[in-house]
**Q** 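Have a look at this one.
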Amino acid sequence: MRIDLHTHSHRSDGTDSPTELVRNAAQAGLDVVALTDHDATTGWQEALAAADGLDVVVVPGIEISTTFQGESVHLLGYGFDPDHPPLVEELHRVLDGRDQRLPRILARLAEHGIEITEADVALQSGSAAASGRPHVADAMVAKGYIGHRDEAFQGWLNSRGKAYVGRYAAPLLETIRLLKAAGGSAVVAHPWSRGSDRVLTSAAFEELAAAGLDGIEADHVDHDEWSRRGLRDIARGLDLVVTGSSDYHGTGKSSAFHLGANLTDPAEYERLLGH
Ligand code: AMP
Ligand code: ZN
Ligand code: FE
Ligand code: FE
């Protein structure tokens with residue numbers, strides 16, 4: 001069984017449509033693929049329909065932008081009711097925060113002679129519910145300012161970048177509780193990448209587990225062997241599930257993030273989603 005529990009379509013900042021993503025997952029020999037777009041569930045219907053007649057199970061999911069002790073933490077949610085009112089409300093706040101940030105990023109870029117309009121970004125974000133920095137980066141590529149999405153993050157859009165602007169993120173503990181109340185499972189995505197490694201100590205995971213956290217994504221491209229082992233140890237101590245996944249973004253990220261780049265053990269998958 002090849003199980004990949006974290007991928008993005010063009011409903012957020014991936015480059016495949018949900019249909020293309022599911023077809024690519026089947027082609028890559030995956031048995032299970034979770035669609036986890038940033039802060040949005042708008043790709044679920046299309047992805048589930050695309051699995052019809054293919055040898056791949058689609059798990060509907062999400063990757064929510066949250067904050068914990070001042071650091072950004074990404075929280076994966078699976079199999080929850082996408083219409084659960086308090087969760088819908090919180091996701092609206094996050095998506096509004098994304099929309100409000102966009103003109104401020106563009107103003108910063110303009111101060112440095114990079115002229116990008118909201119229409120330029122909309123051309124790139126297309127059918128995305130969650131507009132983000134990657135779409136600004138794509139607009140910079142389209143207008144010839146840079147050669148690739150990654151270059152925009154170096155010096156411009158990363159958290160120390162000249163055009164960086166923060167945005168609203170949901171409180172982590174409360175969001176775990178929301179996902180659980182909506183009947184879903186909650187897993188912290190790539191806990192020891194960029195910044196969140198400072199706050200997600202084993203004591204912090206104890207607190208998250210008490211709030212209902214189900215699992216930890218240990219196997220992720222951002223984690224070296226030492227991190228993977230450390231996160232596994234923490235998960236074992238707290239009886240949390242361990243997952244592995246690619247964080248595939250189509251051509252939006254390097255080939256290191258290819259479908260199936262990291263996999264989830266079938267027994268852990270059973271424990272997480274109870275099939
Ligand atoms: P945002 O959603 O606007 O906060 O942008 C964050 C997203 O940008 C992440 O989820 C990644 O998909 C992407 N990202 C972050 N850093 C980089 C980078 N250095 N190069 C390419 N994409 C990145
Ligand atoms: Zn992304
Ligand atoms: Fe993430
Ligand atoms: Fe992701």
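Excluded from the calculations below are hydrogen atoms, water molecules and symmetry mates; all remaining heavy atoms, backbone and side chain alike, are included. One-based numbering, in listed order, for ligands and for the atoms of each. A quick note: this is a predicted structure, and the numbers were derived from the prediction, not measured.
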**Q** Tell me which protein heavy atom sits closest to atom 6 (C) of ligand 1, plus the residue, atom name and distance to 0.1 Å.
**A**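 The closest heavy atom on the protein side is Arg133 NH2, 3.4 Å.
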**Q** With a 3.5 Å cut-off and sequence neighbours excluded, list the donor-acceptor pairs that the side chains of residues 84-91 form with protein atoms.
**A**
unit_1, atom_1, unit_2, atom_2, d
Glu90, OE1, Arg93, NE, 3.4
Glu90, OE1, Arg93, NH2, 2.7
Glu90, OE2, Tyr168, OH, 2.5

**Q** Side chain, backbone, both or neither: which applies to Arg167 and ligand 1 if a contact is any heavy-atom pair less than 4.0 Å apart?
**A**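 It is the side chain that gets close, since no backbone atom is under 4.0 Å.
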**Q** Ignoring water, what protein N, O or S atoms are under 2.8 Å from the Zn ion (ligand 2)?
**A**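 Checking every protein N, O and S atom gives Asp13 OD1, Asp13 OD2, His38 NE2, His249 NE2.
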**Q** Report, in ascending order of atom number, the atoms of ligand 1 lying under 4.0 Å from any heavy atom of Arg101.
**A**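 It comes down to these atoms of ligand 1: 1 (P), 3 (O), 4 (O).
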**Q** Could you tell me whether Arg271 and Asp214 have a side-chain N and a carboxylate O separated by less than 4.0 Å?
**A** no
**Q** To 10°, measure the ND1(His74)-the Fe ion (ligand 3)-NE2(His190) angle for me.
**A** 100°
**Q** Give a yes or no on whether Glu63 keeps an N, O or S atom under 2.8 Å from the Fe ion (ligand 3).
**A**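 Checking Glu63: at least one N, O or S atom is under 2.8 Å.
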**Q** Taking Glu268 for its side chain and Thr264 for its backbone only, find out whether a donor-acceptor pair lies under 3.5 Å.
**A** no
**Q** May I ask you to decide if His223's main-chain N or O and Arg228's side chain share a donor-acceptor pair within less than 3.5 Å?
**A**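 Between the backbone of His223 and the side chain of Arg228 there is a qualifying donor-acceptor contact (under 3.5 Å).
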**Q** Among protein heavy atoms, which sits nearest to atom 20 (N) of ligand 1, and what does the distance come to when rounded to 0.1 Å?
**A**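 Answer, as residue, atom name and distance: Asp150 OD1, 3.1 Å.
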**Q** Are the side chain of Asp138 and the backbone of His135 linked by a donor-acceptor contact shorter than 3.5 Å?
**A**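 Checked: no pair found.
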**Q** Considering only the protein, which heavy-atom contact is closest to atom 22 (N) of ligand 1, and what is its distance?
**A**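 Ranked first by proximity to atom 22 (N) of ligand 1 is Phe153 CE1, 3.4 Å.
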**Q** Ignoring hydrogens and geometry, is there a side-chain-to-backbone donor-acceptor pair from Ser127 to Arg11 under 3.5 Å?
**A**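 Not at all, since once roles are kept as given, no pair shorter than 3.5 Å links the two residues.
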**Q** Could you tell me, atom by atom, which parts of ligand 1 come under 4.0 Å of a heavy atom of Lys253?
**A** 11 (C), 12 (O)
**Q** Could you check His6, His8, His10 and say which one makes a ring pair (Phe, Tyr, Trp, His ring centres under 6.0 Å) with His38?
**A**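 Answer after filtering His6, His8, His10: His8.
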**Q** Any idea which protein heavy atom is nearest atom 8 (O) of ligand 1, and the distance to it?
**A** Pro134 CG, 3.3 Å
**Q** Please report which non-hydrogen protein atom sits nearest to atom 9 (C) of ligand 1, along with the residue it belongs to and the distance in Å to one decimal place.
**A** Asp13 OD2, 4.1 Å
**Q** When the aromatic ring centroids of Trp44 and Phe80 are compared, is their separation below 6.0 Å?
**A** yes
**Q** Return yes if some donor-acceptor pair links the side-chain N/O of Arg194 with the main-chain N/O of Asp222 below 3.5 Å, else return no.
**A** no
**Q** Compute the minimum heavy-atom distance from His8 to ligand 1 and say whether it is under 4.0 Å.
**A** no
**Q** Are side-chain N/O atoms of Glu71 and Ser196 paired as donor and acceptor at under 3.5 Å?
**A** no
**Q** Can you tell me if Arg23 has over 12 outside heavy atoms packed within less than 6.0 Å of its CZ?
**A**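 Not more than 12 within 6.0 Å, no.
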**Q** Say whether His38, considering both its backbone and side-chain N or O atoms, lies within less than 3.5 Å of an N or O atom on ligand 1.
**A**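 Yes.
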**Q** Within ligand 1, which atoms have a heavy atom of Arg98 less than 4.0 Å away?
**A**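 Listed by number with element, the hits are 1 (P), 2 (O), 3 (O).
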**Q** Taking only heavy atoms of Gly132 into account, list the atoms of ligand 1 that are under 4.0 Å away from them.
**A** 3 (O)
**Q** Below 4.0 angstrom from a heavy atom of His249, which ligand 1 atoms are there? Numbered from 1 as shown, please.
**A**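 Going through ligand 1 atom by atom, the ones under 4.0 Å from His249 are 12 (O).
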**Q** Give a yes-or-no answer on whether the side chains of Ser65 and Arg167 include a donor-acceptor pair shorter than 3.5 Å.
**A** yes
**Q** Counting heavy atoms not belonging to His92, are there more than 12 under 6.0 Å from its NE2?
**A** no
